[in-house]
Amino acid sequence: MDFGAILDQWDNSQRKASRPVKGPQKSHKKANAPTPEEKEAARQGYSYEKQMEEDNRRHANPMEVWLNRYGTVDKDKIADEAREDARLHNREYLKGLRPEAVLDLHGLTRDEAWSRLEAFVGDCSRRGLRKIMIIHGKGNHSHGSDPVLGPMVRLFIEQDSRLGLSGHPDRNNGGSGATWVLFK
């Protein structure tokens with residue numbers, strides 16, 4: 001049997017199956033007759049009409065209706081958020097803010113450090129942290145004349161869209177061998 005014959009046979013079977021039933025079909029339910037759920041509720045003494053009458057008798061306080069619809073505005077909370085936002089834009093405050101997570105890259109190659117940075121920054125972003133510290137060292141033990149990890153960390157920070165302002169802490173907290181970063 002070829003494919004065309006199979007298609008013809010299929011079309012014929014579909015036409016037979018879709019033929020309308022003879023005569024118009026009628027619903028044997030009376031207009032506005034109660035549903036089985038309504039009949040059961042009536043047997044138990046519950047009436048939808050009574051419930052509607054009770055709902056209509058209740059009067060709502062206009063103030064409660066308005067508050068439920070539009071809510072309230074907490075002006076103190078808005079003012080606190082504005083002060084916090086202003087503080088977060090103050091560079092000296094941000095320098096003094098303690099880092100919420102630290103990553104030490106000492107002894108890693110450039111590729112290993114890059115992959116660790118990606119995982120660390122992704123995790124900190126998901127956790128909603130604001131400031132992190134990345135310890136990369138000053139490059140004293142690098143082979144060759146230039147440090148490897150410091151410039152690589154700077155490049156990573158510049159390329160990652162989640163990261164914003166960054167800088168080096170004071171000498172007691174790592175100096176140029178560490179970099180703090182703020183999330184946007």
Side-chain angles (χ1 to χ4, degrees), residues 2-4 6-7 10-11 14 37 51-52 54-55 58-184:
D2 67 334
F3 190 67
I6 293 172
L7 286 177
W10 172 258
D11 285 341
Q14 290 299 311
E37 293 85 14
Q51 181 65 40
M52 287 177 23
E54 287 177 22
D55 290 344
R58 277 192 242 148
H59 294 288
N61 181 354
M63 182 64 78
E64 288 180 17
V65 171
W66 190 90
L67 287 173
N68 286 338
R69 181 176 294 165
Y70 299 108
T72 59
V73 176
D74 188 356
K75 293 180 181 179
D76 293 333
K77 182 179 177 185
I78 293 172
D80 290 343
E81 288 173 353
R83 266 188 250 114
E84 181 70 18
D85 192 41
R87 238 186 0 204
L88 287 176
H89 284 50
N90 182 352
R91 190 170 178 88
E92 292 305 316
Y93 173 75
L94 293 173
K95 282 183 180 180
L97 191 66
R98 298 192 77 167
E100 297 170 300
V102 179
L103 174 66
D104 191 350
L105 300 175
H106 279 106
L108 299 178
T109 65
R110 183 185 320 234
D111 294 334
E112 292 170 340
W114 189 276
S115 64
R116 287 255 180 102
L117 265 173
E118 285 177 338
F120 178 71
V121 168
D123 180 51
C124 291
S125 176
R126 280 188 296 280
R127 290 172 39 202
L129 303 183
R130 293 186 303 182
K131 184 177 180 180
I132 59 172
M133 178 77 74
I134 302 167
I135 301 172
H136 45 76
K138 296 179 182 180
N140 295 338
H141 304 289
S142 294
H143 300 292
S145 61
D146 295 331
V148 176
L149 296 179
M152 188 273 310
V153 168
R154 171 65 43 209
L155 179 66
F156 181 86
I157 292 169
E158 290 171 357
Q159 289 181 355
D160 196 318
S161 62
R162 299 170 290 192
L163 302 177
L165 192 61
S166 65
H168 298 291
D170 58 6
R171 292 176 79 189
N172 297 334
N173 294 319
S176 63
T179 302
W180 56 261
V181 185
L182 298 172
F183 284 89
K184 290 182 180 176

Taking the side chain from His136 and the backbone from His106, do they hold a donor-acceptor pair closer than 3.5 Å?
no

In short, side-chain hydrogen bond (donor to acceptor under 3.5 Å, both in side chains) pairs touching residues 151-165 with sequence neighbours left out are Arg154-Ser166, Asp160-Arg162

Checking Ala101 now: which residues fulfil side-chain contact (heavy atoms from CB on, under 4.5 Å) with it, not counting sequence neighbours?
Phe120, Cys124, Leu129, Ile132

Check side-chain contact (heavy atoms from CB on, under 4.5 Å) between Trp66 and all other residues, then give those that pass, not counting sequence neighbours.
Tyr70

Restricting to non-hydrogen atoms, name the atom on Ile157 and the atom on Thr179 that form the minimum distance, rounded to 0.1 Å.
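Shortest heavy-atom separation between Ile157 and Thr179 comes out as CD1-CG2, 3.8 Å.
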
Least distance between heavy atoms, Ala178 atom then Met133 atom:
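Where Ala178 meets Met133 most closely, the heavy atoms are CB-SD, 3.8 Å.
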
Please list, chain by chain and in numerical order, all residues satisfying side chain to side chain donor-acceptor pair (under 3.5 Å) with Arg126, sequence neighbours excluded.
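With sequence neighbours excluded, Arg126 shows a side chain to side chain donor-acceptor pair (under 3.5 Å) to no residue whatsoever.
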
Can you list every salt bridge (Lys or Arg N to Asp or Glu O under 4.0 Å) pair that touches residues 62-80, not counting sequence neighbours?
Asp80-Arg83

Pairs satisfying salt bridge (Lys or Arg N to Asp or Glu O under 4.0 Å), at least one member in residues 107-119, at least two apart
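Qualifying pairs, neighbours excluded: none.
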
[X] side chain near [Y] side chain, heavy-atom distance below 4.5 Å:
X      : Y      : result
Leu105 : Leu117 : yes
Lys131 : Val181 : no
Ile134 : Phe156 : no
Trp180 : Pro169 : yes

Starting at CD1 of Ile6, measure out to CG of Asp11 and round the result to the nearest 0.5 Å.
12.0 Å

